[in-house]
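For reference, the structure discussed in these notes is given below.
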Amino acid sequence: MEDLRATQHEVQNKVAREESRHQQRLEAVQVWLDRVNSIDIECKDLLSVSPVELQKLCLCGLCTKYVCSSYKYGKKVFLLLEEVKKLNSEGNFDEVSQPPPRSEVEERPTQPTIGQEEMLEKAWNRLMEDGVGIMGLHGMGGVGKTTLFKKIHNKFAEIGGTFDIVIWIVVSQSAKVSKLQEDIAEKLHLCDDLWKNKNESDKATDIHRVLKGKRFVLMLDDMWEKVDLEAIGIPYPSEVNKCKVAFTTRDQKVCGEMGDHKPMQVKCLEPEDAWELFKNKVGDNTLRSDPVIVELAREVAQKCRGLPLALSVIGETMASKTMVQEWEHAIDVLTRSAAEFSDMENKILPILKYSYDSLGDKQLQSCFLYCALFPEDDEIYNDRLIDYWICEGFIGEDQVLKRARNKGYAMLGTLIRANLLTKVGTYLVVMHDVVREMALWIASDFGKQKENFVVQARVGLHEIPKVKDWGAVRRMSLMNNDIEEITCESKCSELTTLFLQYNQLKNLSGEFIRYMQKLVVLDLSDNSDFNKLPEQISGLVSLQFLDLSFTRIKQLSVGLKELKKLTFLNLTFTKRLCSISGISRLLSLRLLRLLWSNVHGDASVLKELQQLENLQDLRITVSAELISLDQRLAKSISTLYIVGFLQKPFDFSFLASMENLSSLRVENSYFSEIESSYLHINPKIPCFTNLSRLDIMHCHSMKDLTWILFAPNLVYLQIGDSREVGEIINKEKATNLTSIITPFQKLETLYLYGLPKLESIYWSPLPFPLLLTMDVEECPKLRKLPLNATSVPLVEEFQIRMDPPEQENELEWEDEDTKNRFLPSIKPY
């Protein structure tokens, strides 16, 4: 028994050592120890009665007076000794412990968050909804998706028992099914040698077998492409099994591919939250060291534009900087070239660059880098950006403008979904400042060739900056400055893009552009004093895009007419332009904009334009009858302004032949109604299929606009200062049409003003599925809006503005439910 006790102590010591290392004793060891304790007690019991049993013996212990009793005692001793021997032999354990079983949720280490509390609550609540099996969180790099995701993961620890297992997997780029299976199998304790030798299909079967009987949560962090749950072996989440799959990604496209069509976007922090995070990283000691530092610190924080990654890294870098000059220097560097800021190239830009790399396609990457040519926080028009891309050759060689633009919008959508650009309303995008710095860093070959992209936009320049090597410059953006003249010589033989818009330019010397044979895009728009192109413009043999809008250009120079490759020419708001004579020599021209220029579409102009066989997009103002307009030119008109047409009624039905007309503005004109017989030829085929915007002002002969029933894709409708308009759509004229056509299905904005006789928009309620704004100003007789309790599904985003405000009190509602639904939507003008 002493040997057994010695073995017991040895085993107990081993167990104690292992348990101090957070290991768990083996069940077999515990059973052995329990048996040893039991034998020990039994031994002590037998020893305690041994004196009594010895007294029962006689003849020197060879016989007993109580045979039965002594026999039973002896048998107990014998069995005890046998058990002791057995336990002694079994006590030689090679292993006495094993790793403890994983808890239901192993809490993941994470830092306290600032400004994400509301997002955390929304994401958690959505994930816990019964009808939600798959949830995606998307957002730009460094915005805090993983931190938020960890917080969600750790919340499962607070609701212990609800789920059988919560599995956290970091996916990352180029993740293979086999790697994901291995990671998941490890969490499920499947990863033995036998399992590792199985093929992917058998592994999937094993994973599925284990998980199908569990209520699980699978959390996939940092996804870059769709993960095939079936191929891995994950049972698909449903309301029946109540399982969940959640993931984070930089690309919204992944959310749709995974089946989450209402993904949640993780956005940058609001200014005050961003300041709190930055303060935490900098520390109170530094901020209290000098009162001036607090204001400078705010300015540095603002440069980060709410991006948590930038706020954290830059805040930590500045934590030990207690001299005002150090903070001023930081602001200078972040303003001039942020990539040069300490840790920017090591800890911020490379992380963001993963999103750029994931685009894969070189042309798409070029489209992205191009956006860095615009100033910080600049809202970029989608159409303009895509026109640049087309001319730069990023979109391919498609000669059909509509197809090229559609492809451009597809590429733009990809950049938006990748969270490299942000949508601003319907027509604009913006690039985050830190993402822009990343783009400039990449475009300059990671800082090695800074003169590849010379971008000094909106920095207060009064003259062209000094460039060491003009021959290295590929793209130059000096837009939004105060440059008045450019007279220097520059041998920019490799320059392809030159942005000079929004300056004070009066003089552009021929010497400056003389060597720019590779120049493709030249934007001189919004230089209100610029009135003449140098004749050396003829040397820009590669030029495809020229924007002279909002300049004082008076005529097309002889040199301009030699630009055989020019495809886009913008002359909008060239109020002093007298003539475009000779424009027919620009045989490659595909787009021409003449709106609000001094050149209207009279017979001589139209005759010359008809010689442009490649023209596909014409935007023009007319103030006289369109005579001898051939079908091809009519088809090219996308935007038409009719101004001052008063001599006789304008034949509106003529517009129906302009099948690509997307925007129509009629001002101070007299026109006849479109004959109903003309419209009734085939009412199932609308005549104005592409018309998305209609503005009508100062048209006093007009009583209604029933014809807009044939413009089913109207997005914006403005009618103003037209004293005879009594209704928008006349019920009698619309007879036999409204059973086929429901008006305003695409309308987002309705603006009615200065219509003293207007009594009705439509005689019954309409659905208005996309309407966001209804503005009614100075329409005193309009008492009822065509709304009911089911109109405007987006009622939370919808607003009605009435002027004068008291007119809202005079409104008549379809019923009480309608009134209750829309009264909160009425906002002050």
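Values reported hereafter were calculated over all heavy atoms of this structure, with side chains retained and with hydrogens, waters and symmetry mates removed.
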Please tell me if the side chains of Leu770 and Val715 come closer than 4.5 Å, counting only heavy atoms from C-beta onward.
no

**Prompt:** For the side chain of Gln363 and the backbone of Gly393, is there at least one donor-acceptor N/O pair under 3.5 Å apart?
**Reply:** yes

Exercise. Is the closest side-chain heavy-atom distance between Lys122 and Glu118 below 4.5 Å?
Worked result: yes

TODO: Give a yes or no on whether the backbone of Gly283 and the side-chain of Thr286 come within a donor-acceptor separation of less than 3.5 Å.
DONE: no

- Message: Distance to the ring centre below 6.0 angstrom and angle to the axis at most 45 degrees; does that hold for Lys155 and Trp124?
- Response: yes

Is any side-chain N of the basic residue among Asp357 and Lys353 closer than 4.0 Å to the acidic one's carboxylate O? yes

- Query: Given side chains that start at C-beta, do those of Asn570 and Ser525 come closer than 4.5 Å, heavy atoms only?
  - Reply: no

| task | Determine whether Tyr370 and Arg475 make a side-chain contact, defined as any pair of heavy atoms from C-beta on separated by less than 4.5 Å. | result | yes

- Query: Can you list the steps and then say if Phe374 with Phe499 is a ring pair (Phe, Tyr, Trp, His ring centres under 6.0 Å)?
  - Reply: CA-CA 9 Å; Phe374 296 86; Phe499 282 180; 5.6 Å; yes

Query raised in the report: Using 30° and 60° as the class limits, which term best fits the ring planes of Phe568 and Phe545: parallel, tilted or perpendicular?
Result: parallel

Okay, side chain of Glu326, backbone of Thr322: is any donor-acceptor separation there less than 3.5 Å?
yes

key: Working for salt bridge (charged side-chain N to carboxylate O under 4.0 Å, His left out), residues Lys226 and Asp251   = CA-CA 10 Å; Lys226 179 186 176 182; Asp251 195 338; over 6 Å; no

>> So Val282 and Lys279, do their side chains get closer than 4.5 Å, heavy atoms only?
In response: no

Problem - Any side-chain heavy-atom pair of Leu524 and Gln501 under 4.5 Å - result: no

Practice item. State, with a plain yes or no, whether a side-chain heavy atom of Val143 is found less than 4.5 Å away from one of Leu148. Key: no

TODO: May I ask you to check whether Asn419 and His138 show a side-chain donor-acceptor distance below 3.5 Å?
DONE: yes

Any Lys/Arg nitrogen of Arg593 or Asp387 sitting under 4.0 Å from an Asp/Glu carboxylate oxygen of the other?
-> yes

### Query
So, the side chain of Asp343 versus the backbone of Asn346: is there a donor-acceptor pair under 3.5 Å, distance only?
no

Any salt bridge linking Arg384 with Asp547? Criterion: basic side-chain nitrogen under 4.0 Å from a carboxylate oxygen. yes

Practice problem: Give a yes-or-no answer on whether the side chains of Thr146 and Asp221 include a donor-acceptor pair shorter than 3.5 Å. | Solution: yes

**Prompt:** Just by modelled atom types, is the Leu500 backbone N or O under 3.5 Å from a matching donor or acceptor in the Asp523 side chain?
**Reply:** no

_Between Trp224 and Asp222, a side-chain donor and acceptor under 3.5 Å_ = yes

- prompt: Under the 3.5 angstrom rule, does the side chain of Ser493 hit a backbone N or O of Gly471 as a donor-acceptor pair?
  reply: no

Exercise. Can you check whether Gln399's main-chain N or O pairs, donor with acceptor, with Arg590's side chain at less than 3.5 Å?
Worked result: yes

From CA spacing to verdict: side chain to side chain contact (heavy atoms under 4.5 Å, CB included), Leu569, Leu566: CA-CA 7 Å; Leu569 178 59; Leu566 194 68; 4.2 Å; yes

**OP:** Please answer whether the main-chain N or O of Ile314 pairs with a side-chain N or O of Lys281 as donor and acceptor at a distance below 3.5 Å.
**Re:** no

Q) Can Tyr381 and Tyr427 be said to form a ring pair (Phe, Tyr, Trp, His ring centres under 6.0 Å), step by step? A) CA-CA 6 Å; Tyr381 278 96; Tyr427 306 106; 7.8 Å; no

Going by distance alone, is a donor N or O of one side chain under 3.5 Å from an acceptor N or O of the other, for Glu392 and Thr497? yes

- Can you label the angle between the Phe278 ring and the Trp327 ring as parallel, tilted or perpendicular, going by 30° and 60°? perpendicular

**Side chain proximity check, Val473 to Asn452, heavy atoms < 4.5 angstrom** = no

Quiz item: Are side-chain N/O atoms of Arg250 and Ser355 paired as donor and acceptor at under 3.5 Å?
Solution: yes

inquiry  = Is it the case that the side chain of His432 and the backbone of Leu421 share a donor-acceptor pair, with hydrogens and angles ignored and the cut-off at 3.5 Å?
reply    = no

inquiry  = Has Thr551 got a side-chain atom pairing as donor or acceptor with Leu548's backbone, closer than 3.5 angstrom?
reply    = yes

